[in-house]
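Contents: one structure, followed by commentary.
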Protein chains: 2
Amino acid sequence: MTKKTLSTEPYKGVRDFYPDDQAIQNHIFGVWKTVARRYGYEEYNASLLEPTELYTSKTSTEIVNEQTYTFTDRGERSVTLRPEMTPTVARMVAGKRRELSFPLRWFSIPNVFRYERPQRGRLREHWQLNADIFGVESTVAEVEIIALAYDIMKAFSAKNGDFEIRINNRKLLNTLPNGAIPLLDKKTKMSSEEFENEWKKISDTPFTLSVDEETRGVLDKLAARGITNALFDPHIVRGFDYYTGIVFEIFDTDPQNNRSLFGGGRYDNLLELFGDEKVSAVGFGMGDVTIRDFLETHGLLPKTISATTVMLCPLSMEFTETAETLARELRAQNISVAVYYGEKKIGDQIKIADKKHVTFIIVVGDEEKNSSRYTLKKLEDGTETAGTADEIAKKLSSV
Amino acid sequence: MTKKTLSTEPYKGVRDFYPDDQAIQNHIFGVWKTVARRYGYEEYNASLLEPTELYTSKTSTEIVNEQTYTFTDRGERSVTLRPEMTPTVARMVAGKRRELSFPLRWFSIPNVFRYERPQRGRLREHWQLNADIFGVESTVAEVEIIALAYDIMKAFSAKNGDFEIRINNRKLLNTLPNGAIPLLDKKTKMSSEEFENEWKKISDTPFTLSVDEETRGVLDKLAARGITNALFDPHIVRGFDYYTGIVFEIFDTDPQNNRSLFGGGRYDNLLELFGDEKVSAVGFGMGDVTIRDFLETHGLLPKTISATTVMLCPLSMEFTETAETLARELRAQNISVAVYYGEKKIGDQIKIADKKHVTFIIVVGDEEKNSSRYTLKKLEDGTETAGTADEIAKKLSSV
């Protein structure tokens, strides 16, 4: 048998998150969670494996088979890797309809899957914040959901001028002739001329829509909250069929990157699929790839965040035990400490600490072993603080 | 067309996490992350979709096909939902072998998948802490990994008497006759008599093993750290083929639940699969289902944790705006606030707050609207604090 070497590449179209990338994911997820909780949204989750029927009822089997990961298990069940979270959350809410207290405010950060043709080089898996409010018929729900989305953008340090919130109403769109919604949905991918030509095929009068009362009310309430970068845009459609009222999309205003970042809307009829009475729902989804791209474009990503506060550097391996004892004392005070294990010299150990974005080092040798006093050195500027383990722990806890 | 009602059940063998269950998951994941970071472990992640070859090289194709979710994508690639994280982390470390600084301390909390026959009612998806240290040949790595596992158990408030750490050495096991390791691996599933009968088929002398020097050294170092519930157990094997040295398992000592909770060990040769030179590695995995079960058995799960600190209860819908303004002021101070939207009376609103485990409520009516002074009421004991929005925020920040 010849020895075959395995590839270190991940599966096509998905990402590996090495610590530096995971730190950025954690930053994004952290902002999402903090702001969602500030609005009283509770976290839920579900498996990414779902029965295929969950998607076929609202979508054609063809689309499900071509754009999702769907396979048959050994029990002859058809399983799909969820392409979006809304059908799942609707299923869960319908499943405990009688036990849950409304209004229900829920959020989750699921990974979702799309079968993209390999040659396009597009991602097949991404993570997405989903925030939804259930059981509120009035547009206070839309205002809250849009305000939550806005506050997340602000928590990422975006300014009002960096993005805009474009709002439309499906009820208004439903007054348009047949074929108008799919055409509007594709509008950003065609020239004005192409759009006008296509429009002429479905209507004799030019495309026009004026803001309705409901949308106007939402815009006014947002303005009263200081959300002045929201506007009516008759071209906003949102791809999914299940929307029933207000829909919105957040756009990057950067001329280099003037595209939709994320969006959402009202979907009041989705729970009826589960044989349940109507439950009002408004929500949005926000993807990690798009938001990371936005933060990079606008210079809003924080500098590298270190997971480890201190690295202990033994002068030689015989001081590993002394370093271990100090590590235990500091860890008991909740300080993040790594001990260098190996035979490299101090200079090389410091290079490693630097590469791992460690904030402080403590060298451990004979002097430290005998005196039980240590010198904490900040790598960034070389400043030093000396003291016992306890004094060093206090100093680090106050940083 | 007849309207077909969709089931609200999740896919067979996987779980939905409603907020109360997700709060327990977050508690478990929180302890895992805190302790791992305290030891300087950095978080990484990867997709659950992996090329099937990652598993076939170390395992027979039959096992891969029967015990994993494996399917062929439209690009004729065979894809597997990861059944464990170790091959993935080995792939990632091998992939950036030259750029990474060793020792490398990494952790992740992936979900992993096993194809279980439906009738057994066993779970097909669970989450698992994986912590690994790479690049350390000496047993300081085993000592650190076991100490980390021990500290996690302590952080869950387990006492030394609640669990024990059983340690063995694959090098010692390799001195046994052919067939001994698979037999030992099945030992807990058979009676002593069955085991002895089976043993006679492979050896003329009774089964016996004495502790080796390496294992003794690890036990001594653990004892020096106060880890006194570790012992040598010649029956510990660990199922996976890739282990090369010390292996360990943590057992529940409860006679009602005396079983293996989790384990790990040294696997020095796994990176060779990627055509790379040898990289020493020691790690362990710890599953959410088993640990939750352990915490429940020992009464160590915390009481329900609320995601939301305050619910604002408008006396009637006309006070929603006033409540919204107060909510904004409190949220600006990072306080988690939900506003009740709906037409229920105060008494019913309080019942909802209670059901959602909200800590405080503030009723908002005419008096509050005119005076801009509010009364914060703690639901648990009815205690009240009055003040302006700012004073209430200060009070809540100090809770």
Side-chain angles (χ1 to χ4, degrees), chain A residues 5-8 10-12 14-19 22 26 37-40 42-47 49-51 53-54 57 71 74-75 77 79 91-92 94-96 101 103 105-106 115 118 125 136 140-141 225 273-275 307-308 311 320 328 331 334 336-338 341-342 352 355-356, chain B residues 5-8 10-12 14-19 22 26 37-40 42-47 49-51 53-54 57 71 74-75 77 79 91-92 94-96 101 103 105-106 115 118 125 136 140-141 225 273-275 307-308 311 320 328 331 334 336-338 341-342 352 355-356:
Chain A
T5 294
L6 271 175
S7 161
T8 60
Y11 170 65
K12 189 103 189 166
V14 303
R15 292 165 290 167
D16 283 334
F17 293 91
Y18 285 84
Q22 187 58 38
N26 286 351
R37 287 190 179 134
R38 212 184 278 161
Y39 273 78
E42 297 180 278
E43 192 171 354
Y44 70 95
N45 200 5
S47 175
L49 298 178
E50 286 282 8
E53 307 91 84
L54 191 60
S57 50
F71 59 94
R74 264 160 281 139
R77 285 180 189 83
V79 197
R91 177 180 66 65
M92 286 176 67
K96 295 214 176 181
S101 309
R105 292 174 166 96
W106 278 11
Y115 200 97
E125 177 187 33
V136 181
V140 288
R225 281 175 172 244
L273 288 176
F274 304 94
T308 307
M311 191 166 108
T320 306
R328 283 204 295 286
R331 282 175 193 145
N334 267 317
S336 149
V337 186
Y341 288 160
I352 293 175
K355 212 168 150 186
K356 289 186 196 283
Chain B
T5 293
L6 270 177
S7 161
T8 60
Y11 170 65
K12 189 104 191 166
V14 303
R15 292 166 290 168
D16 282 335
F17 293 91
Y18 284 84
Q22 186 60 37
N26 286 350
R37 286 189 180 134
R38 213 184 276 160
Y39 273 77
E42 296 180 279
E43 192 171 352
Y44 70 95
N45 200 5
S47 176
L49 298 178
E50 285 282 9
E53 307 93 81
L54 191 60
S57 49
F71 58 94
R74 264 160 281 142
R77 286 181 187 83
V79 197
R91 176 179 67 66
M92 284 175 67
K96 294 213 177 181
S101 309
R105 292 173 166 98
W106 277 13
Y115 200 98
E125 176 188 33
V136 182
V140 289
R225 280 174 172 245
L273 289 175
F274 303 94
T308 306
M311 191 165 107
T320 306
R328 280 203 297 286
R331 283 175 193 145
N334 265 317
S336 149
V337 186
Y341 288 159
I352 293 175
K355 214 168 148 186
K356 290 186 196 280

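Chain letters run A, B, ... following the sequence lines, proteins first, then strands; residues in each count from 1.
Contact annotation for B:E125: only side-chain heavy atoms (C-beta onward) come within less than 4.5 Å of a heavy atom of chain A. Heavy atoms closer than 4.5 Å to chain A are found in the side chain of B:F71, but not in its backbone.
Taking chain A as the reference chain and counting heavy-atom pairs below 4.5 Å, the highest number among B:S47, B:G342, B:A46 is found for B:S47. In terms of heavy-atom pairs under 4.5 angstrom with chain A, the leader among B:M92, B:M311, B:E50 is B:M92. Top candidate by heavy-atom pairs under 4.5 Å with chain A, chosen from B:R15, B:R105, B:E42, is B:R105. Most heavy-atom pairs under 4.5 Å with chain B, from the set A:L49, A:V79, A:I352, A:T320: that is A:L49. Highest contact tally toward chain A, considering only B:V14, B:V140, B:T308, B:V136, is held by B:V140 [criterion: heavy-atom pairs under 4.5 Å]. For chain A, the option among B:A141, B:A94, B:P19, B:P10 with the highest count of heavy-atom pairs below 4.5 Å is B:P19.
Between the side chain of A:Y115 and the backbone N or O of B:R74 there is at least one donor-acceptor pair closer than 3.5 Å. With hydrogens and angles disregarded, a donor-acceptor distance shorter than 3.5 Å links the side chain of B:R331 to the backbone of A:R38.
Between the CZ atom of B:R91 and the OG1 atom of A:T8 there is a distance of 7.5 Å, given to the nearest 0.5 Å. Here the straight-line distance linking atom CG of B:L6 with atom CG of A:L54 works out to 6.5 Å at 0.5 Å rounding.
Taking the six-membered ring for Trp and thresholds of 30 and 60 degrees, B:Y18 and A:W106 have ring planes more than 60 degrees apart, a perpendicular arrangement.
Counting all heavy atoms, side chain and backbone alike, B:G40 lies closest to A:A338 at CA-CB, 4.1 Å. Pairing each heavy atom of A:K356 with each of B:S101, the nearest pair is NZ-O, 2.8 Å. Listed here is the closest heavy atom pair of A:S336 and B:R37: OG-O, 2.8 Å. Of all heavy-atom pairs spanning B:Y11 and A:P51, the tightest one is N-CD, 3.9 Å.
Salt bridge A:K96/B:D16: absent, no basic N to carboxylate O contact under 4.0 Å.
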